[in-house]
2 protein chains.
Amino acid sequence: MNIRELARRSGVSTATVSRALNDRAEVSEATRAKIRRLASELGYAPNEPARTLVRRRSDTIGLVWDSGQEAMGQHNPFLLGLLSAVRTALSDADYHLMLLTTPGAEDQDGAHLQAVQRHNLEGVIVLTTPPDDRCLRVLADSTVPCAGIDTAFTGPRTVRVSSDNAAGAEAAVQHLYELGHRRIATVTGPLHLPPAAERLAGYLRACSRLGLSVPPEYVTEGDFFLASGEAAGKRLLAAPDRPTAIFAAGDQMAIGAIHAAADAGLTVPGDLAVVGFDDIDAAALVRPALSTVAQDQRGLGVAAVEALRGLIDATTVDAAQAQPRIIPTRLLIRGSSRPGV
Amino acid sequence: MNIRELARRSGVSTATVSRALNDRAEVSEATRAKIRRLASELGYAPNEPARTLVRRRSDTIGLVWDSGQEAMGQHNPFLLGLLSAVRTALSDADYHLMLLTTPGAEDQDGAHLQAVQRHNLEGVIVLTTPPDDRCLRVLADSTVPCAGIDTAFTGPRTVRVSSDNAAGAEAAVQHLYELGHRRIATVTGPLHLPPAAERLAGYLRACSRLGLSVPPEYVTEGDFFLASGEAAGKRLLAAPDRPTAIFAAGDQMAIGAIHAAADAGLTVPGDLAVVGFDDIDAAALVRPALSTVAQDQRGLGVAAVEALRGLIDATTVDAAQAQPRIIPTRLLIRGSSRPGV
DNA sequence: CCGCCGATCGGAAACGTTTACGGCTATCGA
DNA sequence: TCGATAGCCGTAAACGTTTCCGATCGGCGG
């Protein structure tokens with residue numbers, strides 16, 4: 001069942017059918033209705049490849065996410081949430097979604113760019129991918145519109161969407177301060193990653209604003225994984241002026257710190273309050289439940305799609321679109337910081 | 001840069017270029033090499049929509065996953081792992097991947113089938129979607145090849161890929177038996193879901209094989225979430241002949257049972273051993289770390305792709321392909337069952 | 001020397017859609 | 001009454017590939 005067959009049965013030409021189905025004005029309401037009815041009766045579905053071919057646009061955008069961490073068996077915890085958010089936001093905007101696969105080492109670096117050309121993709125959304133991905137560099141350097149969530153790469157038509165990491169960290173410290181804590185330490189992520197650096201900056205800003213002293217040993221660089229948080233916690237809790245609270249830049253590290261406290265015979269949140277970042281699934285499952293700074297996955301997804309549409313529609317590179325979109329976070333207070341919860 | 005331009009620069013016809021790039025035999029090695037070189041020099045990438053149009057096949061398969069649980073803020077824990085596995089398995093088989101979006105309620109039920117026709121998709125992989133999805137029923141009833149992972153739906157060209165839930169459960173009980181436990185209870189998932197029913201069957205089979213008695217109160221139906229496991233644990237541990245071990249059909253419920261033990265003043269695994277199912281991220285983060293039956297995500301993905309290819313290539317519906325592919329599981333022994341780990 | 005054959009290539013017709021262009025009818029103002 | 005105009009529609013040319021038919025050209029056996 002193609003458009004010619006449908007045209008024949010409707011008693012009109014293919015041009016009219018096309019116009020009717022695409023809501024063009026030059027068709028009378030009567031014939032439009034008849035064509036519509038016949039189309040759904042016959043189960044006609046327009047052939048997208050053919051449309052793409054002649055229209056030179058596919059209404060499709062590509063999606064890339066990190067595969068580096070997967071190789072280590074470690075998934076970024078909220079990737080799935082982002083994925084869902086992006087998916088629904090894109091389908092709300094009437095876009096189709098194609099998954100791009102990061103090639104193996106033997107393949108060439110231009111794989112993503114090639115895929116964009118081959119499929120006439122109109123843009124790409126990149127999820128939490130390390131900025132040193134060479135395959136991604138090629139893409140970002142091209143004129144393909146790109147929106148990166150929780151990742152930092154720059155290029156001629158690129159926009160970054162990210163949580164307000166600094167404000168989130170600041171809110172966490174503020175929360176601990178209001179609970180009476182004055183000795184607040186932090187465990188950061190790898191500081192070459194922008195989110196980790198921003199969370200540290202927020203922590204430092206809050207401390208300075210609140211007049212808290214930050215001895216150098218209160219800042220430990222971790223790697224976002226459990227063990228680094230546990231090690232940092234162990235060291236911090238063994239020190240003479242041990243902190244009464246720890247802000248960890250990732251939930252896994254926060255849970256590690258709680259383990260360290262338990263090993264040291266300390267209770268949480270009584271002897272040590274802990275706040276994490278990200279609100280991974282496990283945060284609600286551990287005991288005590290982990291207070292944490294939750295990212296607005298849906299908001300991130302919607303903003304990314306919106307920003308990408310801006311890039312696509314913009315004929316000239318507007319300076320206003322080049323600057324990053326910052327999405328607010330939300331502090332979830334649970335048992336690891338507030339007693340009796 | 002299209003094939004005509006490339007042909008002009010190579011001094012051959014478009015037909016020859018097409019043959020060269022598609023590894024057809026009727027081209028001399030010399031011209032093939034020249035065309036190849038020129039193509040990569042000029043950055044030529046064939047236009048997939050045009051190829052799809054004329055070849056009547058897109059080398060693309062669709063991917064559907066459940067959106068029901070997401071609405072509740074609950075993600076299926078290993079969906080992401082499956083996604084990655086399917087993605088790499090498909091790209092290894094030189095397929096492209098398109099994400100299908102489950103439509104909102106106002107949309108029609110044929111959305112998935114329509115998407116398949118529109119994009120010329122050659123098959124669909126369905127991930128952990130409830131079998132009562134109407135949109136999916138339409139798809140399964142059509143002649144579109146479908147492979148469902150961890151879900152059960154039947155249709156004319158459908159194959160199911162699933163973990164060996166029964167054997168996994170059996171191994172868990174066996175493990176507990178070997179540790180000396182004789183009173184082993186279980187918390188199941190919703191029994192109308194095949195995986196939950198199969199895990200219960202495996203539990204029952206192991207108990208009967210090992211000569212363990214299963215009083216009716218030892219079997220509790222949960223909902224895979226934390227609270228149901230905690231409630232079941234609380235009830236079981238308050239009973240006079242309380243079990244010394246619990247096999248939970250899901251990790252969240254297993255963690256809930258551990259919480260119940262802690263509330264009852266019991267130690268894990270000393271007073272109560274617990275084994276879960278799925279190996280979600282949190283299983284390695286809680287304390288004690290959760291023993292669990294891990295699913296082979298990569299294996300599931302590879303098997304699904306393989307089965308789907310079989311369905312696609314098969315001209316006639318082969319009976320051998322209709323029966324489900326069962327992927328073995330792996331028992332991970334951690335601190336919640338074995339002391340001193 | 002002739003016909004045949006294999007290897008290699010080109011011409012041109014599809015594939016299903018959109019859209020520029022033009023044609024027809026009816027209405028309307030002058 | 002006539003030209004202009006608006007509304008509606010059809011014809012046909014693209015879009016970039018693949019592939020069916022031939023065509024050409026050596027080589028080779030008879």
Side-chain angles (χ1 to χ4, degrees), chain A residues 1-40 42-60 94 96 114-122, chain B residues 1-40 42-60 94 96 114-122:
Chain A
M1 170 57 58
N2 55 18
I3 201 178
R4 210 144 30 212
E5 177 73 7
L6 178 56
R8 199 181 57 74
R9 301 225 199 184
S10 310
V12 296
S13 72
T14 64
T16 301
V17 172
S18 174
R19 284 189 277 249
L21 261 32
N22 290 19
D23 275 324
R24 298 236 173 279
E26 317 95 321
V27 190
S28 77
E29 210 40 64
T31 59
R32 183 193 310 276
K34 179 170 59 169
I35 293 175
R36 276 269 162 73
R37 188 174 48 76
L38 228 46
S40 86
L42 300 176
Y44 166 76
N47 184 302
E48 287 293 340
R51 298 189 72 217
T52 299
L53 184 57
V54 61
R55 295 193 322 154
R56 274 101 171 283
R57 54 174 306 184
S58 61
D59 292 334
T60 303
D94 281 322
H96 306 128
Q114 277 245 346
V116 169
Q117 304 179 222
R118 288 166 67 110
H119 297 280
N120 272 348
L121 301 184
E122 306 186 16
Chain B
M1 173 55 57
N2 55 18
I3 202 178
R4 209 143 32 209
E5 176 74 5
L6 178 56
R8 198 179 57 74
R9 300 224 200 185
S10 310
V12 296
S13 73
T14 64
T16 301
V17 173
S18 174
R19 284 188 277 249
L21 262 31
N22 290 20
D23 275 322
R24 299 237 174 277
E26 318 95 320
V27 190
S28 77
E29 210 40 65
T31 59
R32 183 194 310 276
K34 180 169 58 167
I35 292 174
R36 276 268 161 74
R37 187 174 48 75
L38 230 44
S40 86
L42 300 175
Y44 167 76
N47 184 304
E48 288 293 340
R51 298 189 71 218
T52 299
L53 184 58
V54 62
R55 296 194 322 155
R56 273 102 171 280
R57 55 174 305 187
S58 61
D59 291 334
T60 303
D94 280 323
H96 306 129
Q114 277 245 346
V116 168
Q117 305 180 220
R118 287 166 67 109
H119 296 280
N120 273 343
L121 301 184
E122 306 186 16

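Since this is a predicted model, take the numbers as computed values, not measurements. Proteins come first, then strands; the chains are lettered A, B, ... in the order of their sequence lines, and each starts at number 1. Note: hydrogens, waters and symmetry copies are ignored here, and every other heavy atom, side chains too, is used.
Listed here is the closest heavy atom pair of Tyr44(A) and Asn2(A): CE1-C, 3.6 Å. Residue Arg36(A) comes nearest to Ala20(A) through the heavy atom pair NH2-O, 3.4 Å, listed as atom of the first residue, atom of the second, then distance. Minimum interatomic distance between Leu53(A) and Ala50(B) (heavy atoms only, all atoms of both residues): CD1-CB, 3.7 Å.
Within the nucleic acid shown, Pro46(A) comes within 4.0 Å of sugar-phosphate atoms alone, with no base atom in reach, counting heavy atoms only. Using a 4.0 Å heavy-atom cutoff across all strands shown, Thr31(B) reaches sugar-phosphate atoms only and no base atom. Contacts of Ser18(A) with the nucleic acid, taken as non-hydrogen atoms under 4.0 Å apart, include base atoms. At a threshold of 4.0 angstrom between heavy atoms, the contacts of Arg4(A) include nucleobase atoms, whether or not backbone atoms are also involved. Within 4.0 Å of Arg32(B), counting heavy atoms only, lies no atom of the nucleic acid at all.
The Arg56(B) side chain lies nearest to dG16(C) when the options are dC9(C), dG16(C), dG16(D). For Arg19(A), the listed nucleotide lying nearest its side chain is dG10(D); candidates were dG10(D), dT19(D), dC15(C). Considering only side-chain atoms of Thr16(A), the nucleotide from dA12(D), dC9(D), dG16(D) that sits closest is dC9(D).
Met1(A) is listed as a side-chain neighbour of Leu6(A), based on a closest heavy-atom distance under 4.5 Å. Using a 4.5 Å heavy-atom cutoff, the side chains of Asn22(B) and Arg51(B) are in contact.
Computed from coordinates, the Arg55(B) CZ to dC20(D) P distance equals 13 Å when rounded to whole Å. Rounded to an integer number of Å, the gap from CZ of Arg51(B) to P of dT17(C) is 20 Å. Spacing between atom CG of Asn47(B) and atom C1' of dC15(D) amounts to 8 Å, rounded to whole angstrom units.
Residues Val54(B) and Val17(B) both approach DNA chain C. Their nearest nucleotides, taken by heavy-atom distance, put Val17(B) toward the 5′ side. The nearest heavy atom of DNA chain C to Leu53(B) and to Ser13(B) marks one nucleotide each, and the one closer to the 5' end goes with Ser13(B).
Dashed line: the shortest gap from a side-chain N or O of Asn2(B) to OP1 or OP2 of dT17(D) is not under 4.0 Å.
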